[in-house]
Asks: 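Next up is a structure, given as structure tokens.
Letters go in sequence order (proteins before strands), and every chain restarts at 1.
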Number of protein chains: 2
Amino acid sequence: MTVKDVAAAAGVSVATVSNVLNRRPNVGHAIRAKVLRISSRLGYRPNRAAQAMRTGRTRAIGLVLPDLTNPFFPELAQAVESTARGLGLAVCLVDSQGEASGEADGLALLTQHAVDGIICCPVGARLPAQLRGGRPVVLIDRPLPGYAVVHANYLMGGELLARYALRMGHRRVGLLSGPTDIESARQRRAGFVGAFTGQIAWEIHLGFDGVLNAAARAALKQRGGATLVVCGNDLIAISAMRCLAELGVGVPQDMSVMGFDNIRWTDLVMPRLTTIAQPVGHIGARAVQLMQQRLDGAADLPPRGGRTVFDVALIERESVRNLAHK
Amino acid sequence: MTVKDVAAAAGVSVATVSNVLNRRPNVGHAIRAKVLRISSRLGYRPNRAAQAMRTGRTRAIGLVLPDLTNPFFPELAQAVESTARGLGLAVCLVDSQGEASGEADGLALLTQHAVDGIICCPVGARLPAQLRGGRPVVLIDRPLPGYAVVHANYLMGGELLARYALRMGHRRVGLLSGPTDIESARQRRAGFVGAFTGQIAWEIHLGFDGVLNAAARAALKQRGGATLVVCGNDLIAISAMRCLAELGVGVPQDMSVMGFDNIRWTDLVMPRLTTIAQPVGHIGARAVQLMQQRLDGAADLPPRGGRTVFDVALIERESVRNLAHK
DNA sequence: CCGGTCTAGTGTAACGTTTTACCGGCCGGA
DNA sequence: TCCGGCCGGTAAAACGTTACACTAGACCGG
């Protein structure tokens, strides 16, 4: 089924068929209707490869994520894929597995496949030059100078946690923060530290994958007078809860825990985890919308990037004990 | 950077460049080396769109999954993507979100993008005719007549669970099985039921997404003399553990629980879940390899489908109480 | 009645590959 | 010496689409 067949069947030229299908104005009512009818009757679908070659557009975007086993990302991927599909865009997935080399390989593959744009949650401090093919890039969650980015208001999240902690009477806390080289982790921390007027008993930096190192386990054992441990994300928080349980420390009776992200598991763990919910679905959808804008000409965009920030909300559950006297 | 530029730089014809790059035999040592050298120096990458148009091959495959929020699938996606990338294949992701309509839409999008083949974990009892473009299909986890499929040995998994349950002295169990219309769920159940010589006190069928309905909650409350609840997958098992905890039933003291899949969370939950591990990475990798075979001509393949089955293993943790007298 | 401006539609040249058909030598055998 | 193959390489025709340059006719004001 090519445009030629449709043209023949409709008794018009291929150019006219193309004009109809691309809703160009230079074709009359009658012919237009006829072409539309015939092409749908024949079940004609334009050959994307040929379109791509001619126009340089593939109507496919790349989605580059650092780690699908972190439950935050599947949810994001779902949102991205579903809104992209709604726009007729295919999504090519790359999971860099946290490796800069994997990310580079994936980006190379995507550029070779000539995706129209790339939505990326970068693993490192800068994007490999590879993808600088003038292709639009939208970052998710991790800002990088010069790129558009959409993410949750991590500062606000940190502040909400801090205020809640104070309200619940906690004056001395431990921190199991995320990696220092990831801005979102720094902002979560900064938001908390800036708004928390109590004391920080200790702080350990961990990876977002939630594996506790020896220092973290030691800190949870000593506790250093902390009544609450504030975690860089839910994975860390859940690992911490498990570690505390193994140490025979009751949560929240003996130690309170707060997370960040509100992944699904926060609701299944015992006790259920108090955390910060970010609107993952909206974030993914917005990233695709921004991409779509950039693909449609769109010259009037913020020159060097621009941020889209979504508000977050505190989800109060049972992992924080109320120490405040009524 | 086109083949024309390379040809000009090397002082040969475009045909020769193409012949070199596609390792055809009709070109001599000297020229071959020169072309290779020049093309890599110029950083030439063939335009996939043009290749696709000429050859009808895109070097992209579709991956259609039912639900990325079920942790089994991200792990699978990771394996598929990484081995596909190793083979130079791009992966276009579709998450049908459990909806047949989503699956159909996704498949339509993939066919329009002319992916070379489709790896799919189908949501329904048969694949929409849409994708029957003669395109190779490899199924994962859920067999369908006429298609190749790769999955874990669910029967064996069920048997392992049954034998372990008996060994631990459980003679009366409840079943929270998966959906009856999914073969993998039926096999898990069949394996268990076939090998378990004790009594089945009750059985409830649930979705694989792990949400408990009223019947399930009621059953967990009554317990009907069961000392162990055998779950269709880990999601169900973890939900069940949470429900039992809320009912004040201790796991494993008062009630034992077993899952299936060995998703990451089984190791973080309290108590850690005894379950069946399937080699997700191998399954995903193998699916891609099968696909690759089918893409390379490969006429000598099992005519109508064929199965590849991977062994599973029991992962013993702390969610099952030992009732057997020593 | 004529020149100019629309409207509706056509012909065709690209886009970057692969592949088929072809061709000029060179070599070996008769 | 002549002929038939083989080796190494080339020219050019596709693949299906879009977009540019055009034209035939209609319409309109002067």
Side-chain angles (χ1 to χ4, degrees), chain A residues 1-39 42-60 88 111-116 133-134 295-297, chain B residues 1-36 38-39 42-60 88 90 111-116 133-134 295-297:
Chain A
M1 267 314 98
T2 82
V3 67
K4 200 178 283 183
D5 301 322
V6 177
V12 298
S13 75
V14 293
T16 299
V17 175
S18 173
N19 285 335
V20 168
L21 265 33
N22 297 22
R23 27 187 79 85
R24 259 178 281 273
N26 55 337
V27 43
H29 287 48
I31 298 267
R32 159 154 312 196
K34 182 170 191 180
V35 167
L36 249 24
R37 189 161 39 79
I38 302 239
S39 91
L42 263 48
Y44 166 74
R45 296 264 160 243
N47 178 328
R48 280 278 156 92
Q51 283 184 323
M53 179 154 98
R54 185 66 241 246
T55 62
R57 297 252 142 123
T58 49
R59 297 199 64 70
T111 32
Q112 195 174 2
H113 270 271
V115 294
D116 289 342
L295 295 183
D296 300 344
Chain B
M1 267 313 97
T2 83
V3 67
K4 201 179 284 185
D5 301 322
V6 178
V12 298
S13 74
V14 293
T16 299
V17 175
S18 172
N19 285 335
V20 169
L21 266 33
N22 297 22
R23 26 188 81 86
R24 258 179 282 273
N26 56 336
V27 43
H29 287 48
I31 298 266
R32 159 155 313 200
K34 181 170 193 180
V35 167
L36 250 23
I38 301 239
S39 92
L42 263 49
Y44 166 73
R45 296 265 159 241
N47 178 329
R48 280 280 155 89
Q51 281 183 323
M53 179 155 97
R54 185 64 239 241
T55 62
R57 296 251 143 122
T58 49
R59 297 199 64 71
T111 32
Q112 196 174 1
H113 271 271
V115 293
D116 288 343
L295 296 182
D296 300 343

Asks: Looking only at heavy atoms, which two atoms of A/V6 and A/S39 are closest? And how far apart?
Replies: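 Heavy atoms only, the tightest pair is CG1-CB, 3.8 Å.
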Asks: Could you tabulate the donor-acceptor pairs under 3.5 Å formed by side-chain atoms of residues 18-29 of chain A, not counting sequence neighbours?
Replies:
unit_1: A/N19; atom_1: OD1; unit_2: A/R24; atom_2: NE; d: 3.0
unit_1: A/N19; atom_1: ND2; unit_2: A/A15; atom_2: O; d: 3.3

Asks: What's the CG-P distance between A/D5 and D/dG16, to the nearest Å?
Replies: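 Nearest whole value for this atom pair: 9 Å.
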Asks: For the helix from C/dC1-D/dG30 to C/dA30-D/dT1, what is the angle between the axes at its two ends, each from 5 pairs, rounded to 10°?
Replies: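 Between the first-five-pair axis and the last-five-pair axis there is 50°.
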Asks: Rounded to whole Å, how long is the line connecting atom CG of B/L21 with atom P of C/dT19?
Replies: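 Checked: the CG to P distance equals 13 Å.
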Asks: Checking A/T55 now: which residues fulfil side chain to side chain donor-acceptor pair (under 3.5 Å) with it, not counting sequence neighbours?
Replies: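 So A/T55 forms no side chain to side chain donor-acceptor pair (under 3.5 Å) with any residue.
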Asks: For the residue pair A/H113 and B/G88, what are the closest heavy atoms and their distance?
Replies: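 Where A/H113 meets B/G88 most closely, the heavy atoms are NE2-O, 4.5 Å.
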Asks: The criterion is side chain to side chain donor-acceptor pair (under 3.5 Å); which residues satisfy it with A/N47, sequence neighbours excluded?
Replies: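 Counting only residues at least two positions away or on another chain, A/N47 forms no side chain to side chain donor-acceptor pair (under 3.5 Å).
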Asks: Between atom CZ in A/R23 and atom C1' in D/dA19, what is the gap in whole Å?
Replies: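 Whole-Å distance recorded here is 17 Å.
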Asks: When rounded to the nearest 0.5 angstrom, what distance separates CD in B/Q51 from CD in A/Q112?
Replies: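 These two atoms lie 7.5 Å from each other.
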Asks: Please give, in whole Å, the distance from D/dC7 P to B/I31 CD1?
Replies: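 For the pair B/I31 CD1 and D/dC7 P, the rounded distance is 17 Å.
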Asks: Just how far is it from atom CZ of B/R48 to atom OG1 of A/T58, taken to the nearest 0.5 Å?
Replies: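 Nearest 0.5 Å value for the CZ-OG1 distance: 12.5 Å.
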Asks: For A/T2, what residues pass the side chain to side chain contact (heavy atoms under 4.5 Å, CB included) criterion, not counting sequence neighbours?
Replies: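 Residues passing side chain to side chain contact (heavy atoms under 4.5 Å, CB included) with A/T2: A/K4, A/D5.
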Asks: Is B/T55 touching bases, backbone alone, or none of the nucleic acid, heavy atoms closer than 4.0 Å?
Replies: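 If one applies the 4.0 Å heavy-atom cut-off, B/T55 turns out to touch the sugar-phosphate alone, with no base involved.
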Asks: If every non-hydrogen atom of B/R57 is compared with every non-hydrogen atom of B/D116, which pair is closest and at what distance?
Replies: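 In this case the closest contact between B/R57 and B/D116 is CA-OD1, 3.4 Å.
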Asks: Using whole Å, what does the distance between atom P of nucleotide D/dA21 and atom CG of A/N26 come to?
Replies: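 After rounding, the gap between these two atoms is 14 Å.
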Asks: Counting only side-chain N and O atoms of B/T16, is one of them less than 4.0 Å from OP1 or OP2 of D/dG9?
Replies: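 Indeed not, no polar side-chain atom of B/T16 lies that close.
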Asks: Between the protein and nucleotides 12-17 of chain C, which nitrogen or oxygen pairs are less than 3.5 angstrom apart?
Replies:
unit_1: C/dA14; atom_1: N3; unit_2: A/R54; atom_2: NH1; d: 3.2
unit_1: C/dT17; atom_1: OP1; unit_2: B/Y44; atom_2: OH; d: 2.8
unit_1: C/dT17; atom_1: OP1; unit_2: B/N47; atom_2: N; d: 3.2
unit_1: C/dT17; atom_1: OP2; unit_2: B/V3; atom_2: N; d: 2.7
unit_1: C/dT17; atom_1: O5'; unit_2: B/Y44; atom_2: OH; d: 3.1

Asks: Mind calculating the distance between NZ (A/K34) and C1' (C/dG9) to the nearest angstrom?
Replies: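 Computing the A/K34:NZ to C/dG9:C1' distance gives 14 Å.
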Asks: Calculate the interatomic distance between B/N19 atom CG and D/dC7 atom C1'; express it in whole Å.
Replies: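 So the CG-C1' distance, B/N19 to D/dC7, works out to 13 Å.
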Asks: Give the rounded distance in Å between these two atoms: CZ of A/R59 and P of D/dT17.
Replies: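 Taking CZ of A/R59 and P of D/dT17, I get 16 Å after rounding.
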